[in-house]
There are 2 protein chains.
Amino acid sequence: MTHETSTQIRLARRPEGWPTPDDFAIERVELDPLAPGEVRVANEYVSVDPYMRGRMNDVPSYIPPFALGDVIAGGAIGRVVQSAADDLPVGTVVLHQHGWTDVVQADASSFRPVPDVPGLPLSLRLHILGMTGLTAYVGLTAIANLKPGETVFVSGAAGAVGTAVGQIAKLLGAGRVIGSAGSAEKVALLTEKYGYDAAFNYKDAPVREQLPAHAPDGVDVFFDNVGGDHLEAALDVMNTGGRLALCGAIAGYNTTEKTPGPDNMARMITRSLTATGFTLAAYLHLSPEFTERMTAWFAEGEIAYDETVVDGIENTVDAFLAMMRGANTGKMLVRVMHGGNEG
Amino acid sequence: MTHETSTQIRLARRPEGWPTPDDFAIERVELDPLAPGEVRVANEYVSVDPYMRGRMNDVPSYIPPFALGDVIAGGAIGRVVQSAADDLPVGTVVLHQHGWTDVVQADASSFRPVPDVPGLPLSLRLHILGMTGLTAYVGLTAIANLKPGETVFVSGAAGAVGTAVGQIAKLLGAGRVIGSAGSAEKVALLTEKYGYDAAFNYKDAPVREQLPAHAPDGVDVFFDNVGGDHLEAALDVMNTGGRLALCGAIAGYNTTEKTPGPDNMARMITRSLTATGFTLAAYLHLSPEFTERMTAWFAEGEIAYDETVVDGIENTVDAFLAMMRGANTGKMLVRVMHGGNEG
């Protein structure tokens, strides 16, 4: 028998502002024998994502808040190591939302089998070939209706979503793609690896001062992962009829005081702009279309990616906090180490 | 010969913040004899509208700024008193954009004849049956896609656009319509005359504190004439999938300092909201549909309206400033007095 215990990271108290390790508890639990219909899955990768921060607050939102004591739910990928369900035999690779744990046991219906394609790292299902990539695709297509030749500005462009947005925008025919990131190294990556035509470091000077020089013909589509100063700067330069796909607002996720919004909202009217906030729930029907196109692009070598990998489920909180501080390039992942756990 | 002179109000200098009478110059000019193709029109009503304030600034926008020395352009309605154009004989009622003047002479192509329907005051073509009504209609239909049973919140509801929005919303099947206005008298009018289900005085307490009690089931459609605190308060209570039709932002039109935007823009994402700024230029194709429906509603006695009328073209600047301060109920108009000018 293997994987007899599960190390689980739970919400111990609600963070005020920036989370600290004390807001979480690591617990090791003995697993019961499988009930009929259940499987036991050994995770290989666990995802840490910005949106999880919102669920740590006791505020109603598009997904319910975590309860105190809950395991932090979220995307993860692993392999079935024990099965009492015919449709998920041992060895099946599965995606699931059971989150921050090394070993999870639950009804088979809560796991989704995915093909284990040789040469395709499993971790990609948690980002570029998964929800992250779909988020980029939905934002550019269904939300922003990107048209060939248009100029796109992406805030937080070196993150998991942003690196996908730049590449997909170019593949969809964008004329010019501009990105912001939080270090010189990331800025270099954007133009050298991710197909951005221009990029700047938002820590060098106010975004509002930097963006106009990079967008001499204005911006038609703004894909926003940051909010705050980025949204304000984008409104300054949006062309008439422009679209703003509001995907994330990480600038405000860990603030306890409310931050002032853009002082130029009247430009929404004078420039006939449309801003659309979105989450994936209403757009999952685009997943097959996305997967088909993205898999083809990937096979053609059109898609670059980065992963920032932290080893060990016990370091998940550190990985989450580092991601929130922007320490990652591309997707931040926790790689689960099962060595000591195998029987 | 009548109407030999034209009294014209011109932009003398660009206002800083609130305009003052010194920003304008009144000029009386002798009119030349008509050139072929020209007509001379004696205005009956001249419109003063919030959007004109934007054109007084030297800032590129959806319509170009006024040049210094320009007559303030805008909607007006009058009758042809001299004609050198076969298609606009003397007596024809015409709508035009020649603005703040009592008598205007120009090529016939810049005037649009409208039927002079007995019992239908000409002034209505400048508001409820004109651009004002069309603005309300477009905002609720093409922009906000109002669905029967939904809750609508209208800021600045006692203004020319707002009084139209409330009534059209109810006629289109809105479930609950809530309005804000700037005095107890206006608040009473909203519920007693304009079909609003609830209304409040935004000067009594912060909008953010007042709105939730009036919107127990949240708001699906926000029709914004004000911006600022109203937009922020609306974001607080918008239901998932809600639409914001951003029509005006009078709160910021006369401020010299930038005002902070909404501190809750992240709700755009968590509530999957769409905000669309609009001006009429892109929606004039809806004018025939609007005119047909509005004329029918009007004939059925479904449409109430108010006019705040100031007499005398020389008082147009006062009327404009009073409107910007919210002194009007319904549409603010200048009635042109031709008594002393007739030969």
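Order of the sequence lines sets the chain letters (A, B, ...), proteins ahead of strands, with each chain counted from 1.
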Practice prompt. Can you run down the side chain to side chain donor-acceptor pair (under 3.5 Å) pairs that involve residues 235-246 of chain A, sequence neighbours left out, and say none if there aren't any?
Written response: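 Found E150(A)-R243(A), R208(A)-D236(A), D220(A)-N239(A), D236(A)-N264(A).
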Item to complete: Please determine which of L244(B), T276(B), L246(B) meets the side chain to side chain contact (heavy atoms under 4.5 Å, CB included) test together with M268(A).
Response: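 The option that passes is L246(B).
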Fill in: Distance-minimising heavy-atom pair for T279(A) and S272(B)
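Answer, listing the atom of T279(A) first, then S272(B): OG1-OG, 3.9 Å.
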Worksheet entry | Closest heavy-atom pair and its distance - P260(A), P260(B) |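 Shortest heavy-atom contact: CB-CB, 3.9 Å.
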Worksheet entry | L273(B) portion near chain A, given a 4.5 angstrom heavy-atom threshold |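 Contact with chain A involves the backbone of L273(B) alone.
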Worksheet item: Contact part of L231(A) toward chain B, heavy-atom cut-off under 4.5 Å: side chain, backbone, both or neither?
Response: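 For L231(A), the contact with chain B is made by the side chain alone.
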Discussion item. Are there residues of residues 157-167 of chain A whose heavy atoms fall under 4.5 Å of chain B's heavy atoms? If so, which?
Written reply: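 Contacts with chain B: none.
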